[in-house]
Each structure stands twice: as C-alpha cells, then as structure tokens.
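One structure is given below, encoded as structure tokens.
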There are 2 protein chains.
Amino acid sequence: MSRQLITHMEKFIKLSTEHQQVLINYVKRESYKKKEIILSSGDVCRSTYFVVKGCLRMYFITEKGLEQTTQFALENWWISDYMAFTSQTACGFYIQAVESTEVVVLDHYALERLYQEIPATERYFRMIYQKMAAAAQQRTKYFQDFSKEEIYIHFSKSFPEFIQRVPQYLIASYLGFTPEYLSEIRKKNLS
Amino acid sequence: MSRQLITHMEKFIKLSTEHQQVLINYVKRESYKKKEIILSSGDVCRSTYFVVKGCLRMYFITEKGLEQTTQFALENWWISDYMAFTSQTACGFYIQAVESTEVVVLDHYALERLYQEIPATERYFRMIYQKMAAAAQQRTKYFQDFSKEEIYIHFSKSFPEFIQRVPQYLIASYLGFTPEYLSEIRKKNLS
DNA sequence: CGCGACGTTGATTTGCCTCAACGATTGTGG
DNA sequence: CCACAATCGTTGAGGCAAATCAACGTCGCG
C-alpha cells in the first residue's frame with residue numbers, strides 16, 4: 001500500500017485524511033523482480049521512486065563499458081536522476097532492482113499538481129532534498145579523506161545491513177574499486 | 001544589498017513587496033576579506049550563506065593534516081554544512097573566502113520563521129536543494145567515470161571562470177589530486 | 001627589495017587495477 | 001533430483017596512474 005509513504009511523510013508534515021486521499025490518487029504502486037530494470041539511460045526521466053520494500057540501485061555505463069553504481073535505495077528512500085527529472089529530459093543513469101522490490105511511483109506532472117494542491121508537500125520534499133544534499137556532502141568528505149580500504153571499513157560499520165543484503169561486487173562498484181581489491185581488503189580485515 | 005538575493009528568489013517564486021521586507025529584516029549582510037574564515041570546523045553551524053559577490057570555498061582537514069576542498073560557491077550560490085545546519089550541531093567543515101566576498105547570511109532560526117511567514121520560501125529552497133542533489137549526482141558520475149586528467153579537462157571546460165579566479169592548488173584540492181600532478185596535466189595539455 | 005606564497009620539474013614509491021585462472025555457490029532445465 | 005551452466009568470490013603476477021619528496025623558479029605584495 002501507499003500507506004507506508006504517508007507514514008513517512010507524516011514524520012515531517014501533517015496530512016488530513018482528505019489530503020492523504022489526494023496523494024493516493026496521484027501515485028502508482030509497482031513491483032519489480034530482482035535484476036529488473038526500472039529506468040534506462042536515455043529514457044526521459046518521468047518519475048521519482050519511493051522504496052516501500054526491497055532495494056534499488058542506480059548505475060551508469062562508463063566509457064570503458066563497466067557498470068558503475070552511484071547509489072542504493074533501501075526502504076523509505078527516494079531515488080531518481082534529479083537533473084533529468086527536473087528538466088524532464090533523457091537521463092544518464094539506469095535504475096535496477098537489487099532484490100524484488102515494491103515502490104511508489106510519483107511522476108513529474110503529478111508532483112507539480114501535488115505541490116499546488118497540498119503546499120505541505122513542498123515542505124516535505126524540501127526536507128528530503130536537504131537530507132540528500134547533506135548526505136552528499138558527507139559522502140564527498142569520506143571519499144576524499146579515506147583510502148579505499150578505510151572507505152570499505154567505514155561503510156561496513158555504518159551500513160552493516162548493506163553488507164548482508166547486497167552482493168560484494170555491487171558494494172565494490174559503489175565504493176569505487178574492483179571486486180578483486182575488495183576481496184583483498186576483506187582477507188586482511190577478517191575478524 | 002540583499003536586493004540580489006530577492007532577484008534570485010524571484011526567478012523561482014513571486015514575492016510581494018511586503019514579503020520582500022520581511023525577508024530583508026531576517027537576513028544579515030556581511031563582508032569577508034580574502035582568506036578570512038567564515039565558519040570553523042567544530043563550531044555550531046547556525047547559518048547558510050548566499051554569495052552576492054566573490055567566492056567562498058568549503059574544506060576540511062584530513063587525517064594527514066591536509067586541507068581538502070569539497071565545494072566552491074560563486075555568485076548566487078548557497079553554501080553551508082547542511083548536516084550540521086539542519087541539526088544545529090558542530091560542523092565538520094571550514095568555510096573560507098577565496099576572494100574578498102560579500103554574503104547574505106540567513107540563520108537557522110530566521111529561516112524557520114521565514115518558512116512560516118512566507119510559505120513560498122519553502123518552494124524556493126525545495127528547488128535549491130533539489131538542484132544541489134542533482135549536481136551531486138552529476139559530480140559523483142564524473143568522478144567515477146573519468147581519470148584525474150579527464151576530470152581536470154572536463155572541469156576546465158565546464159567552469160572556465162574558476163580556472164581564472166581560483167589558484168591552482170585549490171582547484172587541485174577540489175578535484176582530488178596534488179598540485180604537482182595538476183602541473184603535469186597542464187603541461188601535457190597546453191594549447 | 002626581500003620574503004612568502006605559488007607553480008614547476010624530476011626521481012622514486014605505492015595503492016590499486018588489469019588480466020587470467022580457478023573454487024564455490026546458485027539456479028535451471030531435462 | 002541431478003547435471004551443467006552461469007554467477008559470484010578469491011588468488012596471484014605484473015603494470016600503471018598518481019602520490020610523495022625534494023629542490024628550484026617566479027611572481028606579487030608589504
């Protein structure tokens with residue numbers, strides 16, 4: 001149900017039952033199987049996705065032809081290509097289900113209507129984007145401060161659930177190094 | 001004057017002259033000389049800064065004791081440690097003037113009042129943070145896709161004004177490599 | 001004019017990648 | 001339910017991009 005999105009929004013703003021109904025009418029629910037592609041590079045990015053259950057990842061294809069993961073989204077996270085979503089143009093990323101995943105889909109047109117009909121949603125997304133900007137600053141800091149080995153150790157302590165749920169080669173791809181090197185790091189740090 | 005901030009906001013939202021006055025009463029104007037520190041790591045991050053004229057940079061001190069630049073802010077950009085600003089806690093970055101710089105300062109308390117008194121500001125900042133999130137995604141992509149040499153070439157083409165205004169060792173620090181290596185790249189690519 | 005900040009150059013070192021090969025585990029069709 | 005294939009993780013040899021270290025120009029400013 002879209003209930004979970006409403007619960008999440010109510011951590012930030014109040015929504016009357018009437019407004020909740022408006023919201024529900026504007027969103028879609030979708031399910032994806034493991035490895036299914038939700039959005040392809042080159043498509044117009046019409047939607048932003050809220051993960052209800054499961055895990056998505058965002059990646060792109062490098063000049064050398066490798067998949068490079070840039071983000072994961074677990075439960076209660078939003079994910080999209082925000083540059084392409086904002087301008088409703090072709091996006092430069094893929095979004096794929098890491099596990100079988102249920103999402104709430106909010107498309108650009110519906111969101112603009114929401115902002116008009118429920119001004120409080122403007123506040124909600126202001127806070128969500130603010131958290132994203134903050135997280136990006138922290139991420140930049142860690143990536144510049146630490147060696148690849150330290151990045152892995154820091155990541156595995158900060159987000160142990162990812163180590164459980166996500167295959168190692170995707171972790172490596174996200175952290176910016178090769179599966180081989182990750183393997184070496186793990187051997188050195190076995191506890 | 002704070003006029004420039006209002007002009008910037010009016011690219012995104014409408015403000016009555018009355019609201020403009022409210023805004024002006026909530027912000028401060030400040031000037032900083034070249035190399036002056038605006039915010040220190042460890043301070044509570046009470047404000048967000050809008051650059052009217054000049055250039056600021058954000059950096060932190062690495063474990064090895066080096067200054068690592070994470071962001072620049074030219075005219076019409078906002079800058080702050082958004083994690084620390086949101087929670088009103090000690091920040092992990094420094095903000096320093098690269099040139100002599102004039103800013104509009106908006107502190108946390110004033111901003112909360114603004115959101116209440118002028119709901120449209122919520123929309124404005126939603127859009128600003130959304131742009132930041134989008135920019136962070138693009139930046140992550142470039143940094144993972146390109147070699148350091150390609151990063152420099154891409155950066156110097158995308159933001160030629162930085163190459164003019166900002167000393168090379170700060171560019172190097174921002175792009176994540178040493179001044180020596182930057183020098184080598186420049187020699188190879190002189191046109 | 002002199003000093004400190006900035007940029008350059010070259011020799012050496014290293015963190016991490018590339019490539020290739022081989023186990024282990026998972027999934028799938030017969 | 002087994003055989004076989006694909007996917008995933010590990011290991012090791014060799015190589016390269018970029019860092020480190022040290023020394024030396026050069027420019028702008030007090």
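Residue numbers start from 1 in every chain, and the chains themselves are labelled A, B, ... in the order their sequence lines are given, proteins ahead of strands.
Atom-to-atom, CD1 of I185(A) to P of dC17(C) comes out at 8 Å; the value is rounded to the nearest Å. Taking atom CD on E149(B) and atom P on dA19(D), their separation rounds to 12 Å, with Å as the unit. The distance between atom CD of E150(B) and atom P of dA17(D), rounded to the nearest whole Å, is 11 Å. Protein atom NZ of K188(B) is 18 Å distant from nucleotide atom C1' of dG7(C), rounded to whole Å. Between the P atom of dC29(D) and the NZ atom of K34(B) lies a distance of 7 Å, rounded to the nearest Å. I171(B) places its CD1 atom 13 Å from the P atom of dC6(C), with the value rounded to the nearest Å. In this structure, K33(B) places its NZ atom 15 Å from P of dC29(D), rounding to the nearest Å.
The cationic group of R126(A) does not satisfy the cation-pi geometry with Y129(A), failing either the under 6.0 Å distance to the six-membered ring centre or the 45° limit from the ring axis. Stacking of K141(A) on the aromatic ring of F60(B) is recorded, both the 6.0 Å distance cut-off and the 45° axial limit being met. Geometric assessment of R57(B) against the ring of Y59(B) yields a positive cation-pi assignment under the 6.0 Å and 45° thresholds. A cation-pi geometry, defined here as NZ or CZ lying under 6.0 Å from the six-membered ring centre and within 45° of its normal, holds between R139(B) and F143(B).
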Using a cut-off of 4.0 Å between protein heavy atoms and nucleotide atoms, how would you tag nucleotides 7-14 of chain D 5' to 3' with B, S and -? -SSBBS--
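In summary, of the residues considered (D107(B), I118(B), L114(B)), a side-chain contact (heavy atoms from CB on, under 4.5 Å) with Y26(B) occurs for L114(B) alone.
In this model, the phosphate group of dC16(C) is not approached by any side-chain N or O of T178(A) to a distance below 4.0 Å at OP1 or OP2.
Under a cut-off of 6.0 angstrom, the local environment of CD in E161(B) is crowded, with over 12 non-hydrogen atoms contributed by other residues, nucleotides or ligands.
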